[in-house]
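In this text, all values refer to a predicted model and were calculated from it rather than measured experimentally.
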Amino acid sequence: MANIGFIGLGIMGKPMAGHLVKAGYTLYVYDIMHESVAELKSLGAIPCRNSKEVAENSEIVILMLPDTPDVEEALFGHDGVSAGIKPGSTVIDMSSISPIATRKFAEKLAKLGAEMLDAPVSGGQLGAQNAALSIMVGGKAEIFEQIKPIFEKMGKNIVLIGGNGDGQVCKVANQIVVALTIEAISEALLLASKAGADVTKVREALLGGFAQSRILEVHGERMIKRTFQPGFKIKLHQKDLNLALQTGRDIGVSLPNTATAQELFNAVSADGGAELDHSAMVQALERLANFTIGGK
Ligand code: NAD
């Protein structure tokens with residue numbers, strides 16, 4: 001069994017790394033926040049002082065970091081992965097970041113004799129905890145086949161989309177659907193509630209029909225119960241929609257409703273909500289309606 005390194009033990013990375021330890025892999029871990037490293041150590045993982053030390057001890061290095069600059073820093077910054085990586089190793093970036101930067105990172109790693117897969121995920125905190133993530137992979141087919149058994153410890157629907165960066169393109173598409181669905185569910189539940197209907201019953205009825213979705217199930221419940229602790233932070237979804245809008249501008253695709261969803265996230269962020277779960281987008285619409293779901 002190859003030694004695995006895991007960098008970034010946040011809401012997603014911590015449970016994902018936990019599955020790998022439980023599956024029997026020797027796991028070297030690093031995060032700039034010490035508490036999550038201690039939790040992984042208690043499960044049997046080996047803490048490292050920096051990303052370089054992770055790479056020195058591992059044949060496979062997984063990253064699960066917030067944004068493009070964080071991945072660049074962990075790979076190529078001071079005491080980064082590139083300073084410790086051995087030829088023949090594979091870097092797997094499971095963060096959601098820029099497809100263009102991803103292609104550049106893959107080229108730089110190739111010069112060091114290392115392979116790279118981009119493998120962003122969907123399924124949220126629950127998907128990470130239940131090892132039920134959807135994993136969208138970009139990279140060489142033979143590397144994908146080698147790594148697939150490791151992906152299977154963290155996810156269920158694992159698809160090779162194409163070459164480097166294509167996994168990230170798929171994730172950008174995913175985030176458009178998620179944001180616009182949250183927006184639609186916010187409008188629907190808000191309208192129903194202000195019109196005087198029992199919003200819990202409305203959600204229950206909708207879940208049995210054509211409007212059914214995982215987002216209605218999970219985020220609809222959050223909107224009704226007012227549970228906005230993350231989950232998936234608004235500031236991370238803003239980062240993803242920036243990637244969508246920038247890509248749209250670059251290649252000439254108009255994304256009008258993605259832009260609207262981004263403005264609603266901006267409104268909640270401006271009011272101090274950047275760290276809230278993305279289901280809190282509903283708060284921007286509630287202000288426009290001068291009404292809160294449930295009449296509160
Ligand atoms: P998070 O903020 O909870 O965790 C990120 C972790 O990375 C933190 O523990 C932070 O300390 C660490 N970190 C940051 N920079 C570092 C560095 N240079 N070196 C080492 N550690 C560093 O974020 P998250 O919710 O776990 O999301 C991680 C990625 O997964 C993001 O790209 C996000 O868009 C994506 N994602 C999140 C969800 C979700 O529901 N939370 C779902 C799908 C995809």
Side-chain angles (χ1 to χ4, degrees), residues 6 8-23 27 29 31 33 35-36 39-40 43 45 62-66 92-97 119-137 150-159 167 170-186 188-189 199-200 203-204 206-208 211-241 261 265 268 273-283 293:
F6 208 112
L9 306 165
I11 288 174
M12 298 296 281
K14 191 161 56 176
M16 291 161 71
H19 294 311
L20 298 178
V21 178
K22 284 177 208 143
L27 198 75
V29 294
D31 193 295
M33 304 281 283
E35 309 91 81
S36 46
E39 274 186 56
L40 258 294
L43 294 177
I62 300 176
L63 306 162
M64 194 51 169
L65 300 168
I92 308 167
D93 181 22
M94 303 191 77
S95 333
S96 308
I97 67 160
V121 306
S122 177
Q125 189 180 18
L126 285 177
Q129 287 165 349
N130 299 329
L133 293 167
S134 179
I135 307 179
M136 312 156 209
V137 188
I150 295 171
F151 287 145
E152 282 166 351
K153 299 287 182 275
M154 300 181 279
K156 289 208 180 341
N157 183 36
I158 301 154
V159 183
C170 183
K171 174 67 186 181
V172 168
N174 182 83
Q175 293 305 78
I176 293 173
V177 176
V178 173
L180 269 55
T181 309
I182 290 176
E183 203 278 337
I185 287 163
S186 300
L189 296 185
V199 73
T200 304
R203 172 178 163 275
E204 203 179 303
L206 263 55
L207 279 173
Q212 199 281 337
S213 74
R214 184 97 179 106
I215 294 172
L216 176 62
E217 195 186 326
V218 178
H219 297 69
E221 185 178 40
R222 279 176 171 276
M223 291 172 200
I224 294 168
K225 292 194 171 162
R226 319 304 291 173
T227 47
F228 295 126
Q229 79 281 9
F232 185 60
K233 294 170 198 153
I234 281 183
K235 69 174 187 187
L236 290 179
H237 210 148
Q238 287 182 287
K239 172 253 314 177
D240 293 336
L241 296 190
F265 279 140
V268 182
E275 300 280 336
L276 295 178
D277 186 75
H278 56 167
S279 53
M281 181 199 274
V282 72
Q283 293 180 355
I293 286 179

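Considering only residues two or more places apart in sequence or on other chains, H19 meets the side chain to side chain donor-acceptor pair (under 3.5 Å) condition with none of them. In this structure F151 satisfies the ring-ring contact (aromatic ring centres under 6.0 Å, His included) test with no other residue, sequence neighbours excluded. Partners of E221 by side chain to side chain donor-acceptor pair (under 3.5 Å), not counting sequence neighbours, listed by chain and number: K225. Residues passing the side-chain contact (heavy atoms from CB on, under 4.5 Å) test with K156 are A132, sequence neighbours excluded. Not counting sequence neighbours, the partners of A23 by the side-chain contact (heavy atoms from CB on, under 4.5 Å) test are Y25, K153. Applying the salt bridge (Lys or Arg N to Asp or Glu O under 4.0 Å) test to K171 and every residue at least two apart in sequence or in another chain returns nothing. Listed by chain and residue number, D198, I224 satisfy the side-chain contact (heavy atoms from CB on, under 4.5 Å) test with T200 (two or more places apart in sequence, or in another chain). Judged as a salt bridge (Lys or Arg N to Asp or Glu O under 4.0 Å), and not counting sequence neighbours, the contacts of K235 are E275. Partners of D31 according to the salt bridge (Lys or Arg N to Asp or Glu O under 4.0 Å) rule, which considers only residues two or more places apart in sequence or in another chain, do not exist here. In this view, K239 satisfies the side chain to side chain donor-acceptor pair (under 3.5 Å) rule with no residue, not counting sequence neighbours. Listed by chain and residue number, D277 satisfy the salt bridge (Lys or Arg N to Asp or Glu O under 4.0 Å) test with R222 (two or more places apart in sequence, or in another chain). The side chain to side chain donor-acceptor pair (under 3.5 Å) search around E217 returns R214, not counting sequence neighbours.
Side-chain contact between V178 and H278 is present, with heavy atoms from C-beta onward closer than 4.5 Å. Considering only heavy atoms from C-beta on, V282 stays 4.5 Å or farther from H219 through its side chain. Between M12 and M94, the closest side-chain pair of non-hydrogen atoms is not below 4.5 Å. Contact annotation: the side chain of F232 approaches that of D240 to within less than 4.5 Å [non-hydrogen atoms, C-beta and beyond].
What you find for I92 and A119 is that their closest heavy atoms are CG2-CB, 3.9 Å. The two atoms that bring M16 and A128 nearest to each other are CG-CB, 4.1 Å, heavy atoms only. Taking every heavy atom of both residues into account, L207 and S213 meet most closely at CD2-O, 4.0 Å. What you find for L27 and A17 is that their closest heavy atoms are CD2-O, 3.5 Å. Across all their heavy atoms, F265 and A179 have their closest contact at CE1-CB, 4.3 Å. Between S186 and M223, the shortest heavy-atom contact is OG-CE, 3.3 Å.
Residue I215 holds its CD1 atom at 10.0 Å from CG of L180, rounded to the nearest 0.5 Å. The CG atom of N174 sits 8.5 Å away from atom OG of S96, with the distance rounded to the nearest 0.5 Å. Taking CD1 of I158 as the reference point, atom CE of M136 lies at 11.5 Å (rounded to 0.5 Å). For the atom pair OG of S279 and CD1 of I234, the computed distance is 7.5 Å after rounding to the nearest 0.5 Å. Taking OG from S95 and CD1 from I62, the interatomic distance works out to 11.0 Å, rounded to the nearest 0.5 Å. In this structure, L216 CG and L189 CG are separated by 6.5 Å, a value rounded to the nearest 0.5 Å.
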Side chain to side chain contact (heavy atoms under 4.5 Å, CB included) between I11 and K233, intermediate numbers included: CA-CA 10 Å; I11 288 174; K233 294 170 198 153; 4.1 Å; yes
Side chain to side chain contact (heavy atoms under 4.5 Å, CB included) evaluation trace for I185 with R203: CA-CA 9 Å; I185 287 163; R203 172 178 163 275; over 6 Å; no
Verdict with reasoning, E39 to L43, per side chain to side chain contact (heavy atoms under 4.5 Å, CB included): CA-CA 7 Å; E39 274 186 56; L43 294 177; over 6 Å; no
